[in-house]
Number of protein chains: 2
Amino acid sequence: MYVTSGFFLGILSLYFGLNSPQMFSQATKYAIKSVIYIWTQSLEDRKVGAKEIGANIEAPEAFTAKILQLLTKAKIVGSIKGPNGGFFADESHAKYTLKDVVKTIDGDQLFAGCSLGLPRCSEKNPCPLHFEVVKVRTEIDHMLTAKSMKQLAVEVIKGNTRLAELV
Amino acid sequence: MYVTSGFFLGILSLYFGLNSPQMFSQATKYAIKSVIYIWTQSLEDRKVGAKEIGANIEAPEAFTAKILQLLTKAKIVGSIKGPNGGFFADESHAKYTLKDVVKTIDGDQLFAGCSLGLPRCSEKNPCPLHFEVVKVRTEIDHMLTAKSMKQLAVEVIKGNTRLAELV
DNA sequence: ATAATAAAAGACAATTAAATCCTTTATTAT
DNA sequence: ATAATAAAGGATTTAATTGTCTTTTATTAT
Ligand code: FES
Ligand code: FES
């Protein structure tokens with residue numbers, strides 16, 4: 001008499017309508033916080049390991065490590081193996097914005113394509129939400145390009161913003 | 001020697017960074033299109049079945065039917081069983097907006113809570129994106145409340161917008 | 001050279017979302 | 001009453017995302 005918990009959750013989810021789609025995937029959230037955290041430490045000339053990053057942004061270490069691989073491959077941050085190694089960011093990474101981070105992990109479906117899933121998004125054959133979606137996307141674009149990663153990190157260092165719950 | 005395709009996709013997805021999070025879940029996209037489609041037909045005094053809805057919004061019938069159950073339970077549309085039955089919308093449903101549709105299926109995580117996943121979203125202890133997120137949400141709110149479902153349906157009837165790819 | 005360190009890579013498990021199928025219930029026309 | 005119709009409900013399956021664990025590779029200090 002075994003019942004999978006997935007079954008119950010599946011039913012409950014449909015029954016109460018409890019899905020959870022958000023602006024960003026979980027992976028992208030971790031990515032954004034990771035990059036900002038790396039910048040806060042690089043501004044003080046410290047390289048940081050996946051374990052430390054995970055701990056400071058309250059994310060699972062192994063999963064964070066996977067995400068860091070993608071960010072490194074995309075050159076959004078740098079990494080060095082071995083003792084005294086770790087992740088870091090310097091002027092060679094300063095040109096990247098949050099938008100690049102989001103695109104690296106989630107692709108560009110937040111910025112491109114029809115929000116209602118039509119095969120193409122166009123002004124000539126718009127879906128009912130198209131023109132409003134364009135406005136939302138303008139705002140999203142601004143949100144993800146207005147400040148440099150370094151600026152965002154400085155605000156965290158100053159204590160004006162935070163990457164994890166305060167204890 | 002069997003290998004699950006999920007495995008390969010999982011690896012590929014991490015390797016190439018191919019997640020696909022969007023503004024709305026697939027279920028919500030179907031829900032939005034369903035409600036607008038129901039309104040287009042109700043404006044011409046036709047009740048419609050799940051099969052017809054699925055066909056016209058290019059969504060799987062059975063999944064659409066599940067979503068319609070939630071929409072009906074939430075009173076966003078009406079339904080009648082049996083011959084000549086189906087889904088419909090009338091003045092008693094006119095007060096609902098797209099925001100209600102989204103909330104019914106996806107909950108309010110698009111509108112509330114920290115976009116970066118912090119335990120709470122507040123101006124006093126904001127995450128690095130908080131103030132920009134507030135602006136994006138204002139625009140999202142406008143997008144989902146500016147027009148009534150009926151208005152959106154009228155635009156589809158007029159041919160100004162569409163719910164499926166044109167053939 | 002060797003041991004220790006830390007990222008990269010690979011294999012997999014668990015959870016959640018998406019989709020399907022089958023049975024039951026309500027309604028209506030015959 | 002009965003057959004036909006269509007939504008509601010229940011049980012699973014499939015796919016995608018999230019998360020873990022182990023092995024390999026590169027680097028550095030001894
Ligand atoms: S056509 Fe749907 S968002 Fe552009
Ligand atoms: S604290 Fe993150 S969005 Fe408000």
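All of these numbers come straight from a predicted model, not from anything done at the bench. Here is the naming used below: chain letters follow the sequence lines, and residue numbers restart at 1 for every chain.
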request  = Enumerate the residue pairs fulfilling ring-ring contact (aromatic ring centres under 6.0 Å, His included) with a member in residues 93-118 of chain B, sequence neighbours excluded, ordered by first and then second residue.
outcome  = B/Phe88-B/His93

query = Would a distance-only check, ignoring hydrogens and angles, find a side-chain to backbone donor-acceptor pair under 3.5 Å from A/Ser42 to A/Asp45?
reply = no

ask   = Please, which pairs that meet ring-ring contact (aromatic ring centres under 6.0 Å, His included) have at least one residue in residues 28-59 of chain A, sequence neighbours excluded?
value = A/Tyr30-A/Phe63

ask   = Angle, rounded to 10°, between the helical axes spanning five pairs at each terminus of the helix from C/dA1-D/dT30 to C/dT30-D/dA1?
value = 0°

Test log, rule side chain to side chain contact (heavy atoms under 4.5 Å, CB included), inputs A/Val102 and A/Asp108 = CA-CA 8 Å; A/Val102 173; A/Asp108 64 358; over 6 Å; no

query = Is any side-chain N of the basic residue among B/Lys147 and B/Glu155 closer than 4.0 Å to the acidic one's carboxylate O?
reply = yes

C/dA6 OP1/OP2 closer than 4.0 Å to side-chain N/O of A/Ser79 = no

note = To the nearest angstrom, the CD1-C1' distance between B/Ile67 and D/dA8 comes to 15 Å

task = Measure from the side-chain heavy atoms of B/Asn84 and tell me the nearest of C/dT20, D/dG19, C/dT28.
result = C/dT28

query = With distance as the sole criterion, do the side chain of A/Lys51 and the base of C/dA6 form a donor-acceptor contact below 3.5 Å?
reply = no

request  = Determine, for A/Glu52 against A/Arg46, whether the closest basic-nitrogen to carboxylate-oxygen distance falls under 4.0 angstrom.
outcome  = yes

task = Report the nucleotide, chosen from C/dA8, D/dG19, C/dA11, that has the shortest atom-to-atom distance to any side-chain atom of A/Tyr30.
result = D/dG19

request  = Starting from C1' on C/dA17, measure out to CZ on B/Phe24 and report it in whole angstrom.
outcome  = 17 Å

key: Within one Ile-Leu-Val-Met-Phe-Trp-Tyr cluster: A/Leu118 and B/Val101, side-chain cutoff 4.5 Å   = no

key: Interatomic distance where CG belongs to A/Asp106 and C1' belongs to D/dT18 [whole Å]   = 13 Å

Whole angstrom value for the distance that separates C1' of D/dA7 from CZ of B/Phe87 = 6 Å

ask   = Thinking salt bridges, do B/Glu165 and A/Arg120 make one under a 4.0 Å N-O criterion?
value = yes

ask   = For B/Lys47 and D/dA6, what is the distance between atoms NZ and P respectively, to the nearest whole Å?
value = 11 Å

task = Answer yes or no: side-chain N or O of A/Lys66 and base N or O of D/dG19 forming a donor-acceptor pair under 3.5 Å.
result = no

ask   = Looking at C/dC21, C/dT28, C/dA8, which one has an atom nearest to any side-chain atom of B/Ala62?
value = C/dC21

message = Given D/dA8, D/dG9, D/dT18, identify the nucleotide with an atom nearest to the side chain of B/Lys73.
response = D/dG9

message = What is the distance, to the nearest angstrom, from the CD atom on A/Gln26 to the P atom on D/dT18?
response = 7 Å

query = Taking atom P of D/dA8 as reference, at what distance in whole Å does atom CG of B/Leu68 sit?
reply = 8 Å

remark   = Which of D/dT5, D/dG19, C/dT20 is nearest the side chain of B/Pro83? It is D/dT5

message = Under 4.0 Å, heavy atoms only, any strand: does A/Gln69 hit a base, just the sugar-phosphate, or nothing?
response = base

message = Counting the atoms with a prime plus P, OP1 and OP2 as sugar-phosphate, which does B/Ala50 contact under 4.0 Å by heavy atoms, base, sugar-phosphate, or nothing?
response = sugar-phosphate

request  = Have a look at A/Val48 and say if it touches a base, only the backbone sugar-phosphate, or nothing, with a 4.0 Å heavy-atom cut-off.
outcome  = sugar-phosphate

Comparing B/Lys81 and A/Gly82 on DNA chain C - which has the more 5′ nearest nucleotide = A/Gly82

inquiry  = Can you measure B/Ile57 atom CD1 to C/dA19 atom P for me and round it to whole angstrom units?
reply    = 11 Å

